[in-house]
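Hydrogens, waters and symmetry mates are skipped; everything else that's a heavy atom, side chains included, is used. In this text, all values refer to a predicted model and were calculated from it rather than measured experimentally.
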Amino acid sequence: MRTIIEPFRIKMTEALPITTRENREERLKAAHYNVFLLDAEDITIDLLTDSGTGAMSDRQWAALMMGDESYAGSRSWRRFEKTIRDITGFKHIFPTHQGRAAERILAATRLKPGDIVPNNSHFDTTRANIEYVGATALDLPSPKAGDIHAETRFKGDIDLAALERVIARERKAIPFCMITATNNTGGGQPVSLGNIRAAKALLAKRGIPLVLDACRFAENAYFIKLWEEGYADHSLIDIAREMFSLCDGATMSAKKDGLANIGGFFACNDDRWAEDFRNLLILMEGFPTYGGLAGRDLEAIAVGLEEALEEEYQRYRHATVDYLASRLIARGVPIVRPAGGHAVFIDAAGFCPHLSAKDFPGVGLTAALYLEGGVRGVELGSVMFGRRAEDGTETPAPRELVRLAFPRRVYTQSHFDYVIEAIENVFRERAAIPPFRIVRQAPFLRHFTAHFAPG
């Protein structure tokens with residue numbers, strides 16, 4: 001059939017807040033024009049993030065009731081461990097309350113000031129945790145990623161030539177390398193197996209471990225099945241296993257491709273890494289067989305990881321993203337192309353050509369979308385990824401994007417038609433979007449709490 005339907009039916013509904021523009025103007029001003037500071041009850045369609053915002057399946061809710069809340073060695077832990085080991089093959093597995101906790105402990109145990117961690121592109125919390133300990137988070141995106149409007153496959157790849165140069169120059173300063181799949185910073189773009197394999201070969205020559213940021217590993221596996229030669233007949237779990245087999249460790253936010261509302265893990269093969277991680281995990285998160293999670297969370301994640309690798313689910317998931325992307329392209333709205341696996345990324349600089357990077361066009365566009373229809377997206381531009389020097393000078397990010405992230409199994413076609421209408425209306429009046437400035441910010445992850453003002 002040409003029509004791709006949701007591979008599920010709806011058993012329970014949740015009312016959406018329907019607000020007026022006058023109300024939204026009042027709320028946005030009170031939130032200092034930062035959509036992170038808005039209350040959820042003031043949002044009609046919430047595309048701020050796909051992290052922990054999805055709908056769990058009946059199987060997950062049933063598994064929740066089987067949660068064993070024993071402090072140590074619970075049945076739920078064993079199920080969680082078995083599922084992750086079956087998918088990843090890693091020897092050591094540690095639950096954490098979410099992905100950034102795994103990043104934090106990995107950085108604290110493996111990094112020191114002056115170290116360098118190359119990546120295709122670090123996302124916000126990964127970068128912050130690396131920089132917090134005094135190390136450098138180095139982005140090495142593929143040259144293919146430079147043209148955000150080109151329909152080029154596997155733009156999420158790491159730049160192998162640049163990686164080789166960095167290794168030759170800085171070998172002693174590189175405790176490990178990372179690859180993020182899919183590459184969220186670059187527009188949700190996938191990484192090819194060939195690229196991971198080649199990166200691993202470069203790193204192995206110099207004894208440098210490779211860590212996969214695996215929060216969207218299943219979505220990446222589906223892209224490999226669709227696009228990479230020789231994998232059309234492979235199951236998603238076999239592709240995922242090959243991805244993990246090329247890595248020495250992985251961090252994971254189970255709030256994405258774990259289809260859960262909370263949770264994550266760290267996994268590795270190295271006994272010394274595992275011992276160091278275990279010791280700090282006990283101090284920061286909890287006993288190693290629960291790691292800051294309830295037994296019921298461990299159960300829900302175990303089921304969710306399996307469901308994320310179901311081909312029909314991924315087919316629907318990707319078709320939903322393509323639906324929004326294709327209709328925005330038809331209306332002339334500039335977006336990152338091809339569409340990513342979890343979101344549509346609007347090119348805010350192209351959308352607002354009258355604004356420069358110092359005007360934070362992504363902030364203006366997110367504000368305009370909220371005012372128009374109660375739609376919440378998130379800026380991925382010079383607020384999130386720009387640099388502020390001690391003298392107050394701002395270095396802009398490489399690109400100005402607004403991400404519309406799709407919560408898993410939450411919204412239907414009519415919701416996205418509503419979003420399209422809101423974007424189309426804003427696009428028509430885009431010259432009226434004002435510049436914004438920062439009036440208050442934190443030293444790390446400033447986008448979460450910053451205050452803005454127009455003009």
Side-chain angles (χ1 to χ4, degrees), residues 49-110 125-126 129 132 211-218 240 244 247-309 408:
T49 181
D50 62 323
S51 181
T53 57
M56 292 201 301
S57 69
D58 53 353
R59 290 180 57 226
Q60 286 180 288
W61 282 106
L64 218 69
M65 300 305 295
M66 299 297 293
D68 177 2
E69 305 302 340
S70 301
Y71 186 90
S74 72
R75 292 187 310 275
S76 299
W77 150 246
R78 291 302 174 197
R79 183 178 183 189
F80 176 90
E81 180 188 40
K82 181 179 183 301
T83 300
I84 294 171
R85 182 164 291 128
D86 182 52
I87 295 170
T88 69
F90 285 124
K91 178 180 178 181
H92 302 287
I93 296 163
F94 301 100
T96 58
H97 83 273
Q98 59 182 38
R100 72 188 62 181
E103 296 166 356
R104 174 74 183 99
I105 299 175
L106 177 65
T109 56
R110 301 265 66 85
T125 61
T126 321
N129 278 308
Y132 187 76
V211 176
L212 185 69
D213 181 342
C215 63
R216 297 179 182 87
F217 77 97
F244 285 111
C247 302
D248 301 283
T251 59
M252 172 78 182
S253 169
K255 298 167 69 176
K256 284 84 167 178
D257 276 352
L259 306 186
N261 301 130
I262 198 69
F265 65 81
F266 172 72
C268 69
N269 289 321
D270 188 279
D271 293 343
R272 183 166 57 89
W273 279 34
E275 183 63 21
D276 291 345
F277 196 96
R278 181 183 295 108
N279 291 336
L280 198 52
L281 178 76
I282 293 171
L283 177 66
M284 298 179 66
E285 292 280 289
F287 195 71
T289 62
Y290 78 87
L293 294 171
R296 56 184 174 270
D297 300 321
L298 298 171
E299 293 278 358
I301 292 167
V303 175
L305 288 167
E306 294 170 347
E307 291 182 346
L309 289 165
R408 292 162 180 84

For a 4.5 angstrom cut-off between non-hydrogen side-chain atoms, does Val303 reach Met66?
no
Nearest 0.5 Å, what's the CZ-CD1 distance between Phe94 and Ile282?
9.0 Å
Would you say the side-chain atoms of Gln60 pair up with the backbone N or O of Ser57, donor to acceptor, closer than 3.5 Å?
yes
Distance in Å, Trp273 CH2 paired with Leu106 CG, rounded so as to fall on 0.5 Å steps:
6.0 Å
Value rounded to 0.5 Å, distance of CG in Asp213 from OG1 in Thr126:
5.0 Å
Counting distance only, does the side-chain N/O of Ser70 pair as donor-acceptor with the main-chain N or O of Ala72 below 3.5 Å?
no
Walk me through it: do Ile262 and Lys255 pass the test side chain to side chain contact (heavy atoms under 4.5 Å, CB included)?
CA-CA 5 Å; Ile262 198 69; Lys255 298 167 69 176; 4.3 Å; yes
Any side-chain heavy-atom pair from Asp248 and Asn269 closer than 4.5 angstrom?
no
Work out which heavy atom in Arg278 is nearest to a heavy atom in Pro288; give both atom names and the distance.
CG-CG, 3.6 Å
Check: Ser76 side chain, Arg296 main-chain N or O, donor-acceptor pair, under 3.5 Å
no
Within a reach of under 6.0 Å around OH of Tyr132, are more than 12 heavy atoms found that belong to other residues, nucleotides or ligands?
no
Between Glu103 and Arg100, is there a salt bridge with N-O shorter than 4.0 Å?
no
When rounded to the nearest 0.5 angstrom, what is the spacing between OG1 in Thr53 and NZ in Lys256?
9.5 Å
Side-chain heavy-atom pair Ile84, Phe265 within 4.5 angstrom cut-off:
yes
Testing the basics here: between Leu298 and Thr289, what is the closest heavy-atom pair and its distance to 0.1 Å?
CD1-O, 3.8 Å
Side-chain touch Phe217/Ile87, heavy atoms, less than 4.5 angstrom
yes
Lys/Arg N to Asp/Glu carboxylate O, Asp276 vs Arg110, below 4.0 Å
yes
Measure the CD-OG1 distance between Gln98 and Thr96 for me, rounded to the nearest 0.5 Å.
8.0 Å
Quick one: do Glu299 and Arg75 make a salt bridge, cutoff under 4.0 Å?
no
Any salt bridge between Arg408 and Asp50, counting N to O under 4.0 Å?
yes
One pair to check against side chain to side chain contact (heavy atoms under 4.5 Å, CB included): Glu81 and Arg78. What are the steps and the verdict?
CA-CA 5 Å; Glu81 180 188 40; Arg78 291 302 174 197; 2.9 Å; yes
Non-hydrogen atoms of Glu285 and Tyr290 that approach each other most closely
O-CE1, 4.2 Å
Ala267 and Phe90: which non-hydrogen atoms are nearest, and at how many Å?
CB-CD1, 3.5 Å
Counting only N and O atoms by type, is there a donor-acceptor contact under 3.5 Å from the side chain of Asn279 to the main-chain atoms of Glu275?
yes
Using modelled atom types and a 3.5 Å cut-off, is there a donor and acceptor pairing between side-chain atoms of Arg85 and backbone atoms of Lys91?
yes
Could you check whether any side-chain heavy atom of Leu64 comes within less than 4.5 Å of a side-chain heavy atom of Met56, counting everything from C-beta outward?
yes
Are Phe80 and Pro95 side-chain neighbours, meaning at least one heavy-atom pair lies under 4.5 Å?
yes
Considering all heavy atoms, the nearest Ala308-Leu259 contact
N-CD1, 3.8 Å
Within the 3.5 Å criterion, strictly below it, is a donor on His92 or Asp271 matched to an acceptor on the partner's side chain?
yes
To check you understand the geometry: which heavy-atom pair defines the closest contact between Ile301 and Ala260, and what is its length?
CG1-CB, 3.6 Å
Is any side-chain heavy atom of Thr109 closer than 4.5 Å to one of Phe266?
no
